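Since the structure is predicted, the reported quantities are computational estimates derived from the model, not experimental observations. Just the heavy atoms: all of them, side chains too, but no hydrogens, waters or symmetry mates, feed the values below.
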Amino acid sequence: MIMAQNTVLLMLAAGRSQRFGDADKLEQEYLGHPLAFHVVTALEGVPFRKRVAIVSGTRLDFAARGYEVIENEAPTEGLSRSIKLGVAAARARDAEAVLIALADMPRVTATHIYRLLDYADGLDTILASSDGVRPRPPALFGKNRFDWLMSLTGDRGAREMILKAHHVIAAANELFDVDTPEDLATLRAMV
């Protein structure tokens, strides 16, 4: 087990949202709040060592929600750039692990995050969430994996490692990811 108090939460919110169109998908309304703030609210009771939001050009105020905000000045370099910025922040806080979550996954619960932390078996941990079919974030990486995370390039590197990781099954639709306007319409229809 890795304790939340020894883990830095990395909320990735710097994607280019190319499939969503011109609007910032994270700012889109869902149940009366911006899409991105649903996962923020769901995880606010988890006592992480630090909460870090990696952003790019959003008007959402993650700092007001208790996050250190790091601007990704080069989002075109892919997801790996955001991960590197977050891991550097985690190292500065001597974290035992990072939990990587995506701001466009509004149905993630604290219960699932605690399950990931409970399954962790030390500083070599690599855990991914799964819907029973494919692994995806949120994902937990122990401190001994930080060098590997810092070596990633582009958008696909972490996926290879996650495929080999232990997968923790989440409840149905908990890992719903909003990438397109159609995804947002599907999400809204779920409630």
Side-chain angles (χ1 to χ4, degrees), residues 1-15 26 34 36-75 77-106 108-129 135-155 157-162 165-166 168 170:
M1 174 197 294
I2 292 178
M3 303 296 292
Q5 295 89 335
N6 298 324
T7 303
V8 170
L9 169 62
L10 304 181
M11 185 65 64
L12 303 188
L26 299 180
F37 285 166
H38 287 272
V39 67
V40 167
T41 299
L43 302 184
E44 68 188 1
V46 181
F48 291 108
R49 175 166 291 187
K50 186 72 177 176
R51 297 164 197 280
V52 177
I54 311 299
V55 303
S56 179
T58 187
R59 294 178 296 195
L60 294 174
D61 188 359
F62 285 91
R65 301 295 302 266
Y67 284 74
E68 174 185 343
V69 177
I70 299 174
E71 184 76 25
N72 181 346
E73 301 288 344
E77 290 180 18
L79 185 63
S80 62
R81 171 85 173 143
S82 290
I83 291 171
K84 289 176 185 179
L85 291 168
V87 169
R91 280 185 162 160
R93 280 145 193 89
D94 197 30
E96 289 184 5
V98 292
L99 178 84
I100 299 174
L102 304 182
D104 63 359
M105 295 179 77
V108 169
T109 65
T111 300
H112 181 67
I113 298 310
Y114 280 117
R115 288 182 66 223
L116 285 168
L117 292 166
D118 286 346
Y119 272 99
D121 60 1
L123 301 181
D124 288 322
T125 291
I126 306 171
L127 292 171
S129 301
R136 59 182 82 182
L140 184 69
F141 296 89
K143 184 177 188 171
N144 291 347
R145 304 299 181 169
F146 289 2
D147 285 342
W148 177 80
L149 289 170
M150 293 298 283
S151 74
L152 296 175
T153 58
D155 277 332
R159 288 186 189 151
E160 294 171 16
M161 184 67 81
I162 285 175
H166 179 80
V168 178

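Two residues are said to be in side-chain contact when any heavy atoms from C-beta on lie closer than 4.5 Å; Val40 and Tyr67 meet this criterion. Taking the side chain as every heavy atom from C-beta outward, Phe48 and Ile113 approach each other to under 4.5 Å. Counting only heavy atoms from C-beta outward, the side chains of Val39 and Met105 never approach each other to under 4.5 Å. Residues Asp94 and Arg49 meet the side-chain proximity criterion, which asks for heavy atoms closer than 4.5 Å. You'll find the side chain of Val55 stays beyond 4.5 Å of the side chain of Leu60, heavy atoms only. No side-chain heavy atom of Thr125 sits less than 4.5 Å from a side-chain heavy atom of His166. Considering only heavy atoms from C-beta on, Leu99 stays 4.5 Å or farther from Val46 through its side chain.
Of all heavy-atom pairs between Ala128 and Pro135, the closest is CB-CB, 4.0 Å. Of all heavy-atom pairs between Ala14 and Ser82, the closest is CB-OG, 3.6 Å. Of all heavy-atom pairs between Ala13 and Phe62, the closest is CB-CZ, 4.0 Å. Closest approach of Leu116 to Pro138, counting heavy atoms only: CD1-O, 3.8 Å. Closest of all the heavy-atom pairs between Ala90 and Val98 is CB-CG1, 3.3 Å. What you find for Ile126 and Phe141 is that their closest heavy atoms are CG2-CE2, 3.7 Å.
Between atom CD1 of residue Ile2 and atom CG of residue Leu127 there is a gap of 8.0 Å, rounded to the nearest 0.5 Å. Between atom CZ of residue Arg51 and atom CD of residue Glu44 there is a gap of 7.5 Å, rounded to the nearest 0.5 Å. To the nearest 0.5 Å, atom NE2 of residue His112 and atom CG of residue Leu117 are 10.0 Å apart. One distance of note links CG of Leu79 with CD1 of Ile100; it measures 7.5 Å at 0.5 Å rounding. Going from atom CG of Leu9 over to atom CG of Leu140 covers 11.0 Å, rounded to the nearest 0.5 Å. A distance of 10.5 Å separates CG in Leu123 from CZ in Arg145, rounded to the nearest 0.5 Å.
In this structure a side-chain-to-backbone donor-acceptor pair under 3.5 Å is missing from Glu96 to Lys143.
A side-chain donor from one of Thr41 and Arg65 sits under 3.5 Å from a side-chain acceptor of the other.
Remark: Arg91 engages Asp147 in a salt bridge, criterion side-chain N to carboxylate O under 4.0 Å. No salt bridge links Glu77 with Lys84; every basic N to acidic carboxylate O contact stays at or beyond 4.0 Å.
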